[in-house]
Amino acid sequence: MATVGNLALTLSDLRKRTGPQGEIDWVLEALNESNPILDDIPWLEGNLPTGNQTTVRTSVPMPSLRRINRGVDPSKSTTKQVADTCSIFEARSEVDIELLALAPDKAQFRRSEDVAHIEGFGQAVARNILYGDSMTNPDEFNGLGVRYNILKGEKGDPGYQVVSAGGTGKTNTSIWIVGWGERTVTGIYPRNTYAGLKVRDLGENDAVDPDGRKFRAVSTLFTWKPGLAVRDQRAVAAVRNINTSNLLSLDSDGKRSLIEKFILAKNRLRNLDTVNAVAYVNDDVYSFLEIYLIDKNNVHVTRRDLADGQQVLYLAGIPVRKLDALRSDEAVIK
């Protein structure tokens with residue numbers, strides 16, 4: 001049997017959110033994550049009810065050397081079609097009307113719970129962009145990790161875009177370099193639907209407790225239908241198999257080697273100057289790069305102060321964002 005307190009707000013939750021003067025207190029969101037990838041990603045409407053289909057050219061016709069009084073064979077290009085599907089993320093918040101009646105500020109009490117749901121959606125979508133795998137869970141859309149999970153390949157193959165940092169064991173992470181753009185990498189949503197999170201206030205209705213008995217509650221429904229389309233395989237590159245267990249204790253050669261791996265991966269992106277290229281790292285790699293700023297041999301890691309006072313870290317000219325959704329326990333890519 002499910003525990004009611006794990007599914008719906010209780011008197012204990014109301015007490016924990018009430019300030020000393022009887023007002024609904026401001027909730028410190030200690031569980032919030034930093035996932036700026038959701039701010040960077042452009043969202044486009046798909047051309048399918050379930051996602052988007054992209055036609056990709058796989059070969060181009062090559063000219064022949066023509067001789068006088070001799071013809072040439074006709075030639076053509078070839079294409080393939082790639083379908084990317086969207087997922088449906090949904091959640092529901094239900095507050096017993098009797099509990100709501102006890103709250104001094106009813107709107108603020110509901111809002112304090114809605115904010116937590118919205119944060120949960122952001123974390124779930126960010127993780128799916130990285131680690132979603134429709135083979136493991138058919139309800140997920142494929143993320144970057146499953147699309148670029150091999151090291152070898154010809155130019156134009158996903159494996160060509162991946163560089164290994166040589167890590168082993170179970171304490172690995174990755175650096176992802178994504179060239180966002182309408183014709184390269186975008187977020188998608190199904191045709192004739194909407195982008196982003198939709199929040200619907202369902203008002204007062206019947207809710208059901210774990211024993212199947214009804215009670216009156218006010219409900220909020222949250223729905224998001226995101227997907228990921230990689231239209232150009234060469235618009236993404238990654239340094240994978242980065243061992244985080246000894247990252248901060250690397251010697252000079254080890255530090256330089258990791259920076260070189262990043263540069264090698266960066267230069268495998270096509271048309272870098274025509275996309276919004278961003279590098280995403282986890283806490284461990286971000287700390288490594290920030291500490292590397294003071295290394296006397298450093299010429300590639302820089303930091304700039306923006307007009308609003310925000311500091312941005314750059315690696316080989318590409319802005320670096322710290323992404324909490326990036327794990328430090330990734331499996332080794334072989």
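Please read these numbers as outputs of a predicted model, since none were measured by experiment.
Side chain of Q233 to main chain of P158: no donor-acceptor pair is present (N/O by atom type, distance under 3.5 Å, no hydrogens or angles). When atom types are taken as modelled, the side chain of N47 and the backbone of Q53 share a donor-acceptor pair closer than 3.5 angstrom. With R256 contributing its side chain and E260 its backbone, the two residues share no donor-acceptor pair below 3.5 Å. Listed for the S174 side chain is no donor-acceptor partner under 3.5 Å among the backbone atoms of W176. Although no hydrogens or angles enter the test, the distance criterion places no donor-acceptor pair under 3.5 Å between the side chain of N243 and the main chain of T168. Between the N246 side chain and the S249 main chain, no donor and acceptor come within less than 3.5 Å of each other. With hydrogens and angles ignored, the 3.5 Å screen pairs no side-chain donor or acceptor of N35 with any backbone N or O of I37. Checked by atom type and distance alone, the side chain of T184 pairs as donor or acceptor with a backbone atom of G179 at under 3.5 Å. Between the E45 side chain and the N192 main chain, a donor and an acceptor come within less than 3.5 Å of each other. When atom types are taken as modelled, the side chain of T79 and the backbone of T55 share no donor-acceptor pair closer than 3.5 angstrom.
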For this session: Begin from the C-alpha positions of V281 and L323 and carry the test side chain to side chain contact (heavy atoms under 4.5 Å, CB included) through to its verdict.
Result: CA-CA 6 Å; V281 302; L323 198 63; over 6 Å; no
Exercise. Going through the checks in order, is the side chain to side chain contact (heavy atoms under 4.5 Å, CB included) test met by K76 and V60?
Worked result: CA-CA 7 Å; K76 66 170 186 175; V60 295; over 6 Å; no
For this session: Starting from the C-alpha separation in whole Å, work towards a yes-or-no answer on side chain to side chain donor-acceptor pair (under 3.5 Å) for T78 and S59.
Result: CA-CA 5 Å; T78 59; S59 69; 2.5 Å; yes
Exercise. Should L248 and L250 be marked as a side chain to side chain contact (heavy atoms under 4.5 Å, CB included) after you check the CA-CA gap, both sets of side-chain angles, and the distance that decides it?
Worked result: CA-CA 6 Å; L248 298 182; L250 290 174; over 6 Å; no
For this session: Evaluate the criterion side chain to side chain contact (heavy atoms under 4.5 Å, CB included) for residue pair V285 and N282; output intermediate values, then yes/no.
Result: CA-CA 6 Å; V285 177; N282 71 354; 3.5 Å; yes
For this session: Could you go through the side chain to side chain donor-acceptor pair (under 3.5 Å) check for D133 and T136 one step at a time?
Result: CA-CA 6 Å; D133 186 350; T136 302; 3.1 Å; yes
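Salt-bridge check for D211 with R213: passed, with a basic side-chain N closer than 4.0 Å to an acidic carboxylate O. Ion pair D284/K322 not flagged as a salt bridge, since none of the NZ, NE, NH1 or NH2 atoms sits closer than 4.0 Å to an Asp/Glu carboxylate oxygen. Salt bridge status for D114 with R111: absent, with no side-chain N to carboxylate O gap under 4.0 Å. R216 and D96 are not joined by a salt bridge, as no carboxylate oxygen comes within less than 4.0 angstrom of a charged side-chain nitrogen. Ion pairing between D232 and R183 fails under the 4.0 Å rule for side-chain N and carboxylate O. D157 and K152 are not joined by a salt bridge, as no carboxylate oxygen comes within less than 4.0 angstrom of a charged side-chain nitrogen. A salt bridge links R240 with E330; the closest basic N to acidic carboxylate O contact falls under 4.0 Å.
When all heavy atoms of L38 and I41 are compared, the pair lying nearest together is O-CG2, 3.7 Å. In terms of heavy atoms, D40 sits closest to N276 at O-ND2, 4.4 Å.
Cation-pi geometry between R268 and Y160 is satisfied (NZ or CZ under 6.0 Å from the ring centre, within 45° of the ring normal).
Using a 4.5 Å heavy-atom cutoff, the side chains of Y131 and V146 are not in contact. Considering only heavy atoms from C-beta on, W43 stays 4.5 Å or farther from T186 through its side chain. By the 4.5 Å heavy-atom criterion applied to side chains, V185 and L228 are counted as neighbours. The shortest side-chain heavy-atom distance between K80 and V82 falls under the 4.5 Å cut-off. No side-chain heavy atom of V162 sits under 4.5 Å from any side-chain heavy atom of N149. In this structure, V275 and W180 have side chains that are not in contact, with every pair of non-hydrogen atoms separated by 4.5 Å or more. Side-chain contact between V278 and V178 is absent, with no heavy atoms from C-beta onward closer than 4.5 Å. For the pair V230 and R147, the minimum side-chain heavy-atom distance is below 4.5 Å.
Side chain to side chain, S87 and E140 fail the donor-acceptor criterion of an N or O pair below 3.5 Å. Side-chain contact check for N241 and S164: at least one donor-acceptor pair (N or O, by modelled atom type) lies under 3.5 Å.
Scanning for side chain to side chain donor-acceptor pair (under 3.5 Å) contacts around S134 gives N142, with sequence neighbours left out.
The environment of R66 atom CZ is dense: over 12 non-hydrogen atoms of other residues, nucleotides or ligands sit within 6.0 angstrom. Residue-environment remark: CD (E154) stays at or below the threshold of 12 foreign heavy atoms within 6.0 Å. In this structure, L264 places its CG atom where more than 12 heavy-atom neighbours from other residues, nucleotides or ligands lie under 6.0 Å away.
Sorted by first then second residue, the ring-ring contact (aromatic ring centres under 6.0 Å, His included) pairs that include residues 269-300, not counting sequence neighbours, are F288-Y292.
If you chain together hydrophobic residues whose side chains sit under 4.5 Å apart, V239 and V236 never meet in one group.
Ring geometry for F222 against F121 counts as tilted: the plane angle lies between 30° and 60°, on a 0 to 90° scale.
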